[in-house]
Amino acid sequence: LLMTKPFYQQSASNVLKSLGVSEHGLSEQEVKNQREKFGLNELQEADRKTVFQVFLEQFKDFLVIILIIAAIISGFLGELESSIVIAVVVLLNAILGTVQHIKAENSLNSLKAMSSPTTKVLRDGQIVEIPSKEICVGDIVMLDAGNYISADGRLLESHSLQVNESSLTGESLPIDKTTDAIEQNDLPIGDRKNMVFSGSFVTNGRAKVAVTSIGMETEIGKIAHLLG
């Protein structure tokens, strides 16, 4: 992408130029090119392990191995009480580590569920409904009240658009969106009022959005990466 500054600092027309797309949306060939370059719009995760495998992996930590050796030495020296205490600590550590891993997996599943199965996009000047995982960078997405947003994007048109971004910012009140460029640098997500983000929910109005990030490159994708 030819971009000298963040999308929220650019005008809507410059965003289209930066993305290399017209206001009529991507052509079939452009979709193919973008798909090869950026992949599918989905959150990725490592191969899942069984609970037992996760539990065993808790004992691979260097400090845990030292504690296990200390417990064995204590047992040989007749300090059975110390040996039992160390063993209990190691076991509790493994249990807590396993529980945290499972919670992280469940959180990732929740993030993956926070998108609509289909999305309306403008392609070759025609509005079509596609599976959300097939959204490409440069797609023009049509949003209406009640829609879950499935990719990050810059607003091109907005008609009383309000978006709930609580999944990203913790702010429970809907945010009024605008198409105007914003000059400030290093703005937090909640202040980028000309952008919409994957995992958010349209509470009011309608809009036309140019997709700037998909999959793991979205803001919610970055959270998924940390969970991974």
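Counting from 1, the numbers follow the sequence of the chain as shown. The figures here come from the full heavy-atom set of this structure, side chains too, leaving out hydrogens, waters and symmetry mates.
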Engineer: Between Phe55 and Phe52, what is the ring plane arrangement, given parallel below 30°, perpendicular above 60°, and tilted in between?
Structural biologist: parallel
Engineer: Do Ile140 and Val209 have side-chain heavy atoms sitting under 4.5 Å apart?
Structural biologist: no
Engineer: Enumerate the salt bridge (Lys or Arg N to Asp or Glu O under 4.0 Å) contacts for residues 202-213, please, sequence neighbours excluded, ordered by first and then second residue.
Structural biologist: Glu157-Lys208
Engineer: What's the shortest heavy-atom distance between Ala181 and Ser11, and which atoms?
Structural biologist: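 For Ala181 and Ser11, the tightest heavy-atom pair comes out as CB-N, 4.1 Å.
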Engineer: Taking side chain as C-beta onward, heavy atoms only, is Val128 less than 4.5 Å from Val121?
Structural biologist: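 They are in side-chain contact.
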Engineer: Under a 4.0 Å threshold between the charged nitrogen and the carboxylate oxygen, would Glu165 count as salt-bridged to Lys193?
Structural biologist: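 Here Lys193 does not pair with Glu165 in a salt bridge, since their nearest N and O are not under 4.0 Å apart.
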Engineer: Show your reasoning for whether side-chain contact (heavy atoms from CB on, under 4.5 Å) applies to Gln184 and Leu187.
Structural biologist: CA-CA 7 Å; Gln184 290 95 322; Leu187 282 180; 3.8 Å; yes
Engineer: Assess whether atom CD of Gln162 is packed by more than 12 heavy atoms of other residues, nucleotides or ligands within 6.0 Å.
Structural biologist: yes
Engineer: Decide whether Leu26 and Leu40 are clustered together by the hydrophobic rule: side chain heavy atoms of Ile, Leu, Val, Met, Phe, Trp, Tyr closer than 4.5 Å, transitively.
Structural biologist: no
Engineer: Do Leu67 and Leu63 have side-chain heavy atoms sitting under 4.5 Å apart?
Structural biologist: no
Engineer: Using the side chain to side chain donor-acceptor pair (under 3.5 Å) definition, which of the options Glu30, Gln29, Lys37, Arg35 pairs with Asn33?
Structural biologist: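 Single side chain to side chain donor-acceptor pair (under 3.5 Å) partner of Asn33 among Glu30, Gln29, Lys37, Arg35: Gln29.
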Engineer: Is it the case that over 12 heavy atoms from other parts of the model lie below 6.0 angstrom from the CD atom of Gln126?
Structural biologist: no
Engineer: How about Ser150 and Ser132: does a side-chain donor come under 3.5 Å of a side-chain acceptor?
Structural biologist: yes
Engineer: Is it the case that over 12 heavy atoms from other parts of the model lie below 6.0 angstrom from the CD atom of Glu171?
Structural biologist: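 More than 12 heavy atoms, drawn from other residues, nucleotides or ligands, come within 6.0 Å of this atom.
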Engineer: Determine which pairs satisfy salt bridge (Lys or Arg N to Asp or Glu O under 4.0 Å) with at least one residue from residues 56-75, sequence neighbours left out, and list them in order.
Structural biologist: Lys49-Glu57
Engineer: To check you understand the geometry: which heavy-atom pair defines the closest contact between Ala210 and Val15, and what is its length?
Structural biologist: CB-CG1, 4.2 Å
Engineer: So, taking the atom named OH in Tyr8 and the one named CE in Met195, what distance separates them when rounded to the nearest 0.5 Å?
Structural biologist: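 Spacing of OH (Tyr8) from CE (Met195) equals 9.5 Å.
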Engineer: Going by the side chain to side chain contact (heavy atoms under 4.5 Å, CB included) test, name the single residue among Lys5, Gln9, Gln10 that passes it with Phe7.
Structural biologist: Gln10
Engineer: Just wondering, more than 12 heavy atoms not from Ile66 lying within 6.0 Å of its CD1?
Structural biologist: yes
Engineer: Under 4.5 Å between any side-chain heavy atoms of Ile130 and Thr118, yes or no?
Structural biologist: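 Heavy-atom side-chain distance check fails, nothing below 4.5 Å.
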Engineer: Evaluate the side-chain proximity of Thr98 to Val51: yes if any heavy-atom separation is below 4.5 Å, no if none is.
Structural biologist: yes
